[in-house]
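Reviewing the structure listed below.
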Amino acid sequence: METRQANAVKGYFGEYGGAYLPPELIPVMEEIADEYETLRRTPTFMEELQEYYTHYVGRPSPIYYAGNLTEQIGGGPVYLKREDLNHTGAHKINHCLGEALLAKHMGKMKLIAETGAGQHGVALATAAALVGIECDIYMGQIDIEKEHPNVSRMKILGARVIPVTTNTKSLKDAVDAAFEAYLQDPVNQFYAIGSVVGPHPFPTMVRDFQSIVGREARSQFIQMTGRLPDHVLACVGGGSNAIGLFSGFLEDNEVSLHGVEPSGKGFKDGEHAATLTKGTPGILHGFRSYLLQDKSGQPLPVYSVASGLDYPGVGPEHSYLKDIGRVKYTTISDEEAIKAFFALSRTEGIIPAIESAHAVAFAMKLAKENTEKTLLINLSGRGDKDVDFVLRHYGKGYL
Amino acid sequence: MSEKRIQFMAHLVAGYPDLLTTEIMMKGIENAGADSIELQIPFSDPLADGPLISSANHQALRNAITLKEIFRLLDRIAPSLPIPVFLMTYSNIVFQCGSSRFCSYCKKAGIKHLIVPDLPFDSKHALPLDLLQSFHIDLVPVLSPSMSRQRLDAILSSHPRYVYTTLKTGITGPEEEIQNQGFRFLKEIREKGDFRIIAGFGLQSPSQIHFLKGYADIAVVGSHLLRLYNESGSDAVFDFIRTYADV
């Protein structure tokens, strides 16, 4: 399998990826790519990052055998990679620390980023506070209202939260606003993209920073069970947590990999964000990948109960892994995700992020059909941010 | 007349605020004395554009403007318009339509110049030169002062007729310095060959445009015209162009 060599040429994964940018951003991305290439071969940089992973984030995150959930499902054993136990409560801190350290090494004064649910924003604001760089977070007005606790966290951490009031007022337009701000001063700012999306080198670099999850998980799982898992699952919005976990198993052809996309309320335009399932290849935000778009090439409105999965594009490596058939991409609806959210909370005492609950929901289906097979889920984040929202909108049937 | 001064290129977003206005504006702009028009096909995420032009893109899209309607308008008015129309849009619009279909639409409407700011020449998905040539379309490369000289030389080695340069990076120092950086770049391009240089430097007044004399051949005015239109309507746009063109 040639998955690892796929992006040897300038940030392409097969036909996907690249850097489709106006000319003024090309040297900026080239500089980041060059600097990253140098630093990732520099032992002191990688040691510094590893130190933070161990003593600041709390890595390695454990793998937990969800025995009660397994019993309730009555199927194959389910294991959770507990990224929800990281400092800040999600996998995002893994790449935010990498990006913040890189920015600091490059002498940048300010980190800027977009955020949807606020998870990337909080993780980046945290990393910025740690390394001592200013931080501006662009966030859609609608998300600001929906995700108020995360907005407060970012402010407490010293970041500026800049409301985006243009167009759809959500994640896609927050990306546009961040790019616009970046163009104003790419010399002093560093745009820390929040997933394995955007122009080269971000899909590769963010994957590399997240690959610690897959490396840990592979050896932890073997240590616990004496073998590899049969199925590995993760939710996919931009796809950073999924790539992180999958990267540890890509070469293990006997391991089935499953990316779970949000089908929201159904497959009508504007009611889901299942990019790989329903999209077609296109170019948005500087890279080529599957894209939910209309016939004339305009991105379609997207929706998911999970703000962190609510994006019309997807990381280019996922597009490639779909085309070569190495990863199967499937969907879970809002309703199924909420059901899994409560199931995990009540059987194991673990409240998952609604994003991660999508992966749990698909695992519950898969485990039932495969009683002999082991399943490993990336529990990419904890659900504290979602509790009020879930109770308000879905509490009735459960309380 | 055009030998005496820098040519004036007026930028418009097609379908902003509606297609009828676009038609009236195109004719009025020509009538006021502009030498060419840069017509932008709207895209939802125009990475190379500032806030004002972005919001005009969004407004046009909210009116559900389609590529077909824009080309229908161009089919009707572009061939009889005495000045050239440079069509500008983002790569996804071209690829989603299909490169050769898009080029055939351009040819049918008599469009000879295409500007795609987010399509570097060395991308895996580019517009093949032979395709462009077969439709007699000239792809105008977009340059930036901050680009590597290797890239610049690679682009210029294909001897484009026009080059398009904008200036918005490195806005960290005083305005004069920015201008110097821009002017140094224009001079550098000039010395590298016989290209018609289109410069979009956030120009806001006739005197600024005159300032480019000797450095650029064509001055493109975009955001400022849009601001005039938004504040005072189409006559303000025509007056601005007339003031410049009559000098």
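Numbered from 1 within each chain, the chains take letters A, B, ... in sequence-line order. Since we're looking at a predicted model, the values are computed, not measured.
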Query - Check: A/Ser296 main-chain N/O paired with B/Gln96 side-chain donor or acceptor under 3.5 Å - result: no
Requested in this report: Enumerate by number any residue of residues 56-66 of chain B whose heavy atoms lie under 4.5 Å from heavy atoms of chain A; in the absence of such residues, state 'none'.
Outcome: B/His58, B/Leu61, B/Arg62
**Report entry** Residue among B/Tyr90, B/Phe43, B/Phe95 with most heavy-atom pairs under 4.5 Å to chain A
**Finding:** B/Phe43
Report task. Ignoring hydrogens and angles, tell me if any N or O in the side chain of B/Asn92 forms a donor-acceptor pair with the backbone of A/Ile283 under 3.5 Å. Result -> yes
Report task. Check whether any side-chain heavy atom of A/Glu30 sits under 4.5 Å from a side-chain heavy atom of B/Arg151, and report yes or no. Result -> yes
Query raised in the report: How far apart are the C-alpha atoms of A/Tyr182 and B/Leu47, what are their side-chain angles, what is the distance that settles it, and do they pass the side chain to side chain contact (heavy atoms under 4.5 Å, CB included) test?
Result: CA-CA 10 Å; A/Tyr182 194 32; B/Leu47 281 196; over 6 Å; no
Query raised in the report: Taking atom NZ of B/Lys112 as the centre, does the number of heavy atoms from other residues, nucleotides or ligands within less than 6.0 Å exceed 12?
Result: no
Query raised in the report: Which of residues 224-231 of chain B have a heavy atom under 4.5 Å from any heavy atom of chain A?
Result: none
**Report entry** Closest non-hydrogen atom pair between A/Glu180 and B/Ser54, with its separation
**Finding:** OE1-OG, 3.6 Å
Query raised in the report: So do the side chains of B/Val142 and A/Pro23 get within less than 4.5 Å of each other, counting heavy atoms only?
Result: yes
Query raised in the report: Near A/Met109 CE, under 6.0 Å, is it more than 12 heavy atoms from other residues, nucleotides or ligands?
Result: no
Query raised in the report: Are B/His125 and A/Tyr20 side-chain neighbours, meaning at least one heavy-atom pair lies under 4.5 Å?
Result: yes
**Report entry** Residue pair A/Tyr12 / B/Ser123, side-chain heavy-atom distance below 4.5 Å
**Finding:** yes
Query raised in the report: Does any non-hydrogen side-chain atom of A/Ile26 lie less than 4.5 Å from one of B/Pro120?
Result: yes
**Report entry** Residue among A/His285, A/Lys295, A/Gln293 with most heavy-atom pairs under 4.5 Å to chain B
**Finding:** A/Gln293
Give the table of side-chain donor-acceptor pairs shorter than 3.5 Å for residues 191-201 of chain B, with sequence neighbours excluded, one pair per line with atom names and distance.
from, atom 1, to, atom 2, distance (Å)
B/Lys192, NZ, B/Asp153, OD1, 2.9

Report task. Would you please go through residues 169-177 of chain A and name the residues with a non-hydrogen atom below 4.5 Å from one of chain B, in numerical order? Result -> A/Lys172, A/Asp173, A/Asp176
Report summary line: Honestly, the part of B/Pro51 sitting under 4.5 Å from a heavy atom of chain A is both
Query raised in the report: Does A/Glu15 reach the side chain of B/Lys124, with side-chain heavy atoms less than 4.5 Å apart?
Result: yes
Requested in this report: Measure distances from B/Ser44 to the heavy atoms of chain A and classify the residue's part below 4.5 Å as side chain, backbone, both or neither.
Outcome: both
Report summary line: Taken to the nearest 0.5 Å, the spacing of A/Glu31 CD from B/Ser146 OG works out to 10.5 Å
**Report entry** Full working for side chain to side chain contact (heavy atoms under 4.5 Å, CB included) between B/Ile93 and A/Gln298
**Finding:** CA-CA 8 Å; B/Ile93 300 292; A/Gln298 307 293 346; 3.4 Å; yes
Query raised in the report: Relative to chain B, which of A/Gly17, A/Gly282, A/Gly18, A/Pro299 shows the most heavy atom pairs under 4.5 Å?
Result: A/Pro299
